[in-house]
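Single-structure report; data block below.
Start at 1 and go down the list; that is how both ligands and their atoms are numbered. Every value quoted in this text rests on a predicted model; they were computed, and no experiment measured them.
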Amino acid sequence: MARTSNRPAGPPVFGHSDATHAFWRRAIREARSAGAVTPFYLFDPEPVAATLGRLDALDLGRPALHWFSTKTQPLRPLLEWWRRQNRPAEVVSEAEFHLVLAAGFGIDAVLINGPAKHRWLPAVSQPGLRVNFDSLGELNALLPLAQRHRWRIGLRLCTGEEFDTEFPESPTQFGMTPDEAAIAVRRLRRAGLEVETLHFHLRTQVADAECYRRALTDVAAFAAMARLQPLFLDLGGGWPARHTLSRGGKRLDAGFSAESFALVVRQSLKWFPSVREVWLENGRHLTAGSGVLAVSVLDVKERRGLRQLICDGGRTLHALVSLWEQHELLPLVRRSGPLTRTACYGPTCMAFDQLVRRDLPRGLRVGDTLIWLEAGAYHLPWETRFSHGNAGIWWREGGRITPVRPRE
Ligand SMILES: Cc1ncc(COP(=O)(O)O)c(C=O)c1O
């Protein structure tokens, strides 16, 4: 059977600045002084603020609204920070709904999205909810409530541009086909409700802005067919995170440009004269850079040309995304020595539990702290407690460190 070589294909280039390295090294030292013990996550809103600044500077042709994708990073201090910026949040479950209310969001600043909401939404319904319907089944089950509580209605469309990345020949399970959505519009109108929002979420790590143009073309055709004049266009999330690489070493944002996206939206708005605001729900693009995972090296082995660092945190417990993404791994203390093919493992009994496999300095040793960057998206929601407890969570804002969750 063919074996994967331990030899590198070339060093991965993540493109972080020295200032970013210094920022996280300093932050980790501060967290440790405040009592953080590995494994722990550390989050700081400063990188989110920087990305928001870049997004706010884009001209989308209409006022833009950025909804916090709660599923991506269900972290209360970050939600509270986001709310203090006067920005709204999108949720897809009852737990997320309660989390954003606890974080102080008003009902008007909450967008309810996701599939099969009829399972949980009746228990929390209230007047004026903003709800994006995902299917006719869901609509049928929830229509009486929508009518009684005068919900503000959106429809999620499954455009021709939406496909399952694992099986690209298949559509995803989300949203309505144009025919289904046309039935939904008629049913809603019979109930005295009008659609205000047209929505799609293509997938994550969208390769380039032209994907959005093709999806918008489908949405425009549907709106014309259904004689809809939406007030809001909700273009979902999907922008790639920066500084992350595919397993093959390609930057995941290599073909994506925010400026090209803005141009696509401005050009497409000619089909939507009624639209007042453009909405986005980016998750990973906004929050990935706002956190890191710190782990310690517990043991070192070397065999068949591979150096193996066994750490107290890794893929299985903390960083499932390492299955398909490469992130930078930064030693807290710089180590020298020849670059040696090295694999860093978590502490679980699974060969699968490998955070990285790349060339690292031989000087790395037991007791060293390693910092896994871009841990601010889809790490907390996908952590496991396989054989071990949860990692600690620490929050740093304005240089002040506070504990969020103790290490188990
Ligand atoms: C409806 C919706 N909006 C936004 C997002 C955020 O996606 P991303 O992190 O790719 O921007 C998701 C992710 O699954 C989603 O399902």
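In terms of N/O distances under 3.5 Å, ligand 1 is approached by G238. Distances between N or O atoms of G237 and those of ligand 1 include no value under 3.5 Å. Looking at T204 next to ligand 1, an N or O pair under 3.5 Å apart turns up.
Aromatic ring pairs are classed by plane angle as parallel below 30°, tilted from 30° to 60° and perpendicular above 60°; the pair W394 and F40 is perpendicular.
Looking at E161 and R203, a side-chain N of the basic residue comes within less than 4.0 Å of a carboxylate O on the acidic one, giving a salt bridge. Electrostatic pairing of E194 and R227 does not count as a salt bridge here, judged by no charged N lying under 4.0 Å from a carboxylate O. At a threshold of 4.0 Å, the pair E90-K71 counts as salt-bridged, since one of the basic side-chain nitrogens sits closer than that to a carboxylate oxygen. Note on R83 versus E80: no salt bridge recorded, every NZ/NE/NH1/NH2 to OD/OE distance being 4.0 Å or above.
Here H201 has side-chain heavy atoms under 4.0 Å from ligand 1, and that is the only part of it that gets that close. For H285, no heavy-atom contact with ligand 1 is shorter than 4.0 Å. Within the 4.0 Å heavy-atom criterion, the part of Y378 lying near ligand 1 is the side chain and not the backbone. Heavy atoms of N113 found under 4.0 angstrom from ligand 1 belong exclusively to the side chain.
The option with the heavy atom closest to atom 15 (C) of ligand 1, from among Q205, K71, Q73, R284, is K71.
Side-chain atoms of R32 and T369 form a donor-acceptor pair, as typed in the model, at a separation below 3.5 Å. There is no side-chain donor-acceptor pair under 3.5 Å between Q326 and H243. Side chains of T20 and S17: a donor on one and an acceptor on the other come within 3.5 Å.
Inter-residue side-chain proximity for F174 and F200 is flagged as unmet; no heavy-atom pair is nearer than 4.5 Å.
Applying the 4.0 Å criterion to heavy atoms of E281 picks out, from ligand 1, the atoms 1 (C), 2 (C), 3 (N), 4 (C), 5 (C), 6 (C). Listed by number with element, the atoms of ligand 1 under 4.0 angstrom from any heavy atom of E90 are 1 (C), 2 (C), 3 (N). Listed by atom number, the atoms of ligand 1 under 4.0 Å from N282 heavy atoms are 11 (O). Within the listing of ligand 1, atoms 1 (C) sit less than 4.0 angstrom from a heavy atom of R156.
Ligand 1 has S69 within reach: a non-hydrogen atom of the residue lies less than 4.0 Å from it.
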